Structures are given as C-alpha cells and as structure tokens.
Amino acid sequence: MASFVSPIEIKKQSEYVEKIKLLVGDKGLKAFVYTLGCQQNEADSEKIMGTLQKMGYQITENEKEADILMVNTCAIRDHAEKRALSIIGRFKHYKAENPDIIIGVCGCMSAQEHQREKLKHSYHYVDFTFGTGALHRLPEFVYNALNKKKRYFDIDLATPEIAEGIEALRQSPYRAWVSIMYGCNNFCTYCIVPYVRGRERSRKMEDILSEIKDLVSKGYKDITLLGQNVNSYGKDLEEKTNIAKLLSEISKIDGDFWIHLMTSHPKDASAEMIEAIKSSPRTSGHFHLPLQSGSDEILTKMNRHYNLERYLSIIEKLRENNENITLTTDLIVGFPGESEDDFNKTLEVIKKVKYDSVFSFIYSKRKGTPAASMENQVPSEEQHRRYDILCNIQNDISKQINESYIGTCQKVLVDGKSKNNEGVYTSRTQGNKIVHFECENDYTGTFKTVKITRADTFALYGEII
Ligand code: SAH
Ligand code: SF4
Ligand code: F3S
C-alpha cells in the first residue's frame, strides 16, 4: 500500500532549506549533479537540482567550479557501477584542493549494502549517501554536511514513502518526465531494481493529473509517464484504479501534446490498457514492450510470467488497425543457460516483429539476484559474439523500416541545433525516431512537419514544410 511522507517531515525538510539559505546566502555557491541510469534517475536528478536551487545553490554543468557535487548512480549493470565509482573517484581531487566541498552519492548503486560499505570505507571524502526513497531528505543531509556533522550513510530502504511537492528543475521546457509510480514487485531474476527501489507505490491520480495539467499549461509537448511497470499502476492505491483509467483522464486534458509510457511489463498488459493506448492519438504513436528473450525456457528462468505466444498476441493487438505504431523492446543476451537454440529464438522474434529499434544488453551478474548464482553462466566472449549478431540483424531491420519513411511527411517535435552539423536541426517523431533537417529558423520546442528524403539505421533526414 502506498504511504506518503508526513507533512511534519516535509516541514522539517523545508526548515533545513531555510537554514541552508542563511548559510549559503548570496555567496554564489554552485552545485553539480551527474546522472547515470534510466529516466527515473533523470527525473530524480531534476528534483535534486530543484531542491539544491531552493537552498541557494546555482546549478552548474562544470564540475570544477562546484561547491557541492552529487552523483546519482545506477546499478543495472556492472558497467554503470564502474562508471559511477570512477566519477566519484575523480571528485577526490576537488575535495583535496578545497575541503569545504560537499560530495554526495545517491541513487540505485548507493542503495546496496556492499556498495554503501565500499563508499564509506574506501571513499573517505564522500560526505553522505542515500537511496532513492530518501530523496526528500536531501536538505537534512546537506545541512549536516555543511555543519561538518558525522558522515551519513542512509540505509532506510525498507518502506520508502512517496514524497509529493518536491519541485523539479526540469531540464527541458517542452519534454517532461512524470513519475506515476515508484519501485517494482516483479523480481525478474537478473534484475537489481526491486532491491534498490523497493516495492511498487503508485502516486494518487489527482496528483499526477494536476502535474500534467500544469506542464501542459506551461507549454510542454511531450510527457513521459514513468514507472518500472506502468501497467500495474493503481493496484496498490486505496481507491482502486488502473493505467487505462489514468490514460482516459489524461485524454480529457486540452492541448497538443504527446504521452509516452516507460516501461510496460507484458504480463500486465491488459486488453483495456491496449485499447486505451490505441484510442488516443496522444498515445498511439509508440509503444515500448520489453521482451528480454524469445525463448520460453529462458523467460521462465527470468521469472517474467509470460511466454512468447502471449507476448506476440499483445504486439498483434497493438498493431491491429494501428499499423503506424512504432515498436521498441529490450533484450538480454547471454542470460545464464541461454543456448544457441534459445538465442536463435530471440533472433527469430526480432525478424518476425520487426521492431523499429531494440535496446539490447549483455547479461550482467548482479550481486544478490537469483540469476547471479544460476548454473551455466555464458562466457563473456560468447555473450559478445551473440550481441554482435543480434545488433547487426536489428540494424538492417531498423534501416529498412526507416527507409520506408522516405517520401512521407512526419510531425516532429524540434529539439534544437544538431551538435556536429552547422545549420542542421534535430527533432523526434511521436514514435521516437530522430529526424534531422536543415533550417534557417530555430523552431526548438515546437511541432513542425518534415518531409523525409533520406534515411539510415539510426535517423531520418528531411526538409521542413
Ligand atoms: N522495468 C523495466 C526495465 C528496467 S531496466 C522493464 O521491466 O521493462 C531496463 C532494461 O535493462 C531491462 O529491460 C533489461 O533488458 C535490462 N537489464 C536489467 N537487468 C539487467 C542485467 N542484470 N543485465 C543486463 N541487462 C539488464
Ligand atoms: Fe527489473 Fe523486472 Fe522490475 Fe523491470 S519488471 S525493473 S526488469 S524486476
Ligand atoms: Fe539504473 Fe536504477 Fe534506473 S538501477 S536503470 S537507475 S532504476
């Protein structure tokens, strides 16, 4: 059952903000936040930046000039953790030069006991760490660090509560994240998320709707509803509701904007939800449905609770009378026990479904998860071999699909100037396809129509009309 941070606690944290403001004053102190991981972390970092700004810090993109440095970490794969530790390692020099600098580590990696212990004992210059459920207590942690209180390593993860009202410093004036739920109950055997983000908690529908209305009134055009499994939204709320009802309420909001869902779990993709997605032009353009593996045996070992047949039936329903929907998925290569035959089944699915794009990952052992101690771990060399095969096949498919857009007109949301190409703008379709076009005017943050003239594996190119 979702529970909420008490008003007393929220008041206490606001008091810390006021006290920090007095300390920070108008000294022009700066804060730098490095974000790793998924959109949930991006969303959390926007709240962290919002809170830091409230305390009187200016947000900077230059870590060298920062008085407070934070790393919002990810634990999904070994690589993400290594990157976090290397960034934290880099911060040591700043503290050596200026002992007043505050260093905080938060997010999924720091919510694991062994990593927290490592940070405590091997990274002496880290002032505090906290997990994703304690984000609302940032003012308290910063205040204590400013007052040179003891280093603090938060362990409170058992019952994370939902904190409403933390203002986000949104990084885009037209694309926004809106968390609709937190945590995960699924315990896929490879995955660390349920251990570091706690159980599923849904936000109240009224809070979500008022956030979306506010965003739309401010001109936001593209809103992504976030949750580890948005299909089970509402199950834990006192007033029972579901994702289809939420989408139907969102569809009543006036305005020209797109809605994305990130992410859905096939086991909970109800017929009602699929209909809700298809019935609104705001949502019917794109769907991300993680498959993970095309082999039923592997899906069982992954504890995914669906088989290929059920998965394909969802895809079929999504496409029925809605052929233009773009589909994307997540796949894991080299899960323990994955045979050549299992792997080939995954390849067959991508050839059959023809996803617009695929996020494929080499299986990475996560400490404390069931898959980490499963037999028949696939050797790294073999994992890489399979990964390369899969990427090559998918790249060809993506290219073919993209080429089929040539000659069509696409509505796009303009993201701004392309980094490497003078005079070229970059944008995205509702289906999340990247579209580059040349233009003399800056239409960033607005919808435009582009005629597609060229395409490759990763992008479309065209002329604005
Ligand atoms: N909640 C989302 C996924 C979040 S993690 C969902 O279930 O769809 C994003 C992706 O990372 C997963 O879909 C999976 O493909 C991948 N992933 C998770 N744990 C992994 C691991 N241990 N090794 C490799 N990839 C992993
Ligand atoms: Fe991880 Fe599975 Fe939960 Fe997704 S649904 S976050 S893969 S445990
Ligand atoms: Fe990483 Fe945590 Fe997201 S582990 S992928 S940042 S939920």
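All ligand and atom numbering here is 1-based and tracks the order in the structure. All figures in this text were calculated on a predicted structure; none of them were measured in a lab.
At a cut-off of 3.5 Å, with distance as the only test, a side-chain donor of Lys433 or Asn402 sits close to an acceptor on the other residue. Side-chain contact, Ser339 with Asp342: a donor N or O sits under 3.5 Å from an acceptor N or O. Judged by distance alone, the side chains of Tyr94 and Glu63 do bring a donor and an acceptor atom under 3.5 Å apart. A donor-acceptor pair shorter than 3.5 Å can be found between the side chains of Asp415 and Tyr174. Defined by atom type and a distance below 3.5 Å, a donor-acceptor pair is missing between the side-chain atoms of His288 and Thr263.
Here ring pair (Phe, Tyr, Trp, His ring centres under 6.0 Å) pairs that include residues 296-316, with residues two or more places apart or in two chains, are His265-Tyr306.
Only protein atoms were considered; those of element N, O or S under 2.8 Å from atom 2 (Fe) of ligand 2 number 1.
When each of Phe128, Phe141, Tyr143 is tested with Tyr152 by the rule ring pair (Phe, Tyr, Trp, His ring centres under 6.0 Å), just one qualifies, namely Phe141.
Near ligand 1, Ile76, Arg77, Tyr190, Gln228, Thr263, Pro290, Gln292, Arg304, Asp330, Ile332, Phe361, Ile362, Tyr363, Ser364, Arg366 each place a heavy atom less than 4.0 angstrom from the ligand.
In this structure, Asn229 and Lys267 have side chains that are in contact, with non-hydrogen atoms separated by less than 4.5 Å.
Using a cutoff of 4.0 Å between basic side-chain nitrogens and carboxylate oxygens, Arg170 and Glu211 are scored as salt-bridged.
In the vicinity of Gln228, heavy-atom distances shorter than 4.0 Å reach the ligand 3 atoms 7 (S).
Taking a cut-off of 2.8 Å, the protein N, O or S atoms nearer than that to atom 3 (Fe) of ligand 3 are Cys38 SG.
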**Request:** Before giving the answer on side-chain hydrogen bond (donor to acceptor under 3.5 Å, both in side chains), spell out for Asn72 and Thr35 the whole-Å C-alpha distance, their side-chain angles and the decisive distance to 0.1 Å.
**Result:** CA-CA 5 Å; Asn72 192 5; Thr35 310; 5.1 Å; no

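Geometrically, Arg137 does not engage Phe130 in a cation-pi contact, judged by NZ or CZ lying under 6.0 Å from the ring centre and within 45° of the ring axis. Within the cation-pi definition used here (under 6.0 Å to the ring centroid, within 45° of the axis), Arg197 does not qualify as a partner of Tyr182.
Within the 6.0 Å centre-distance limit, the rings of Tyr195 and Phe187 are counted as a close aromatic pair.
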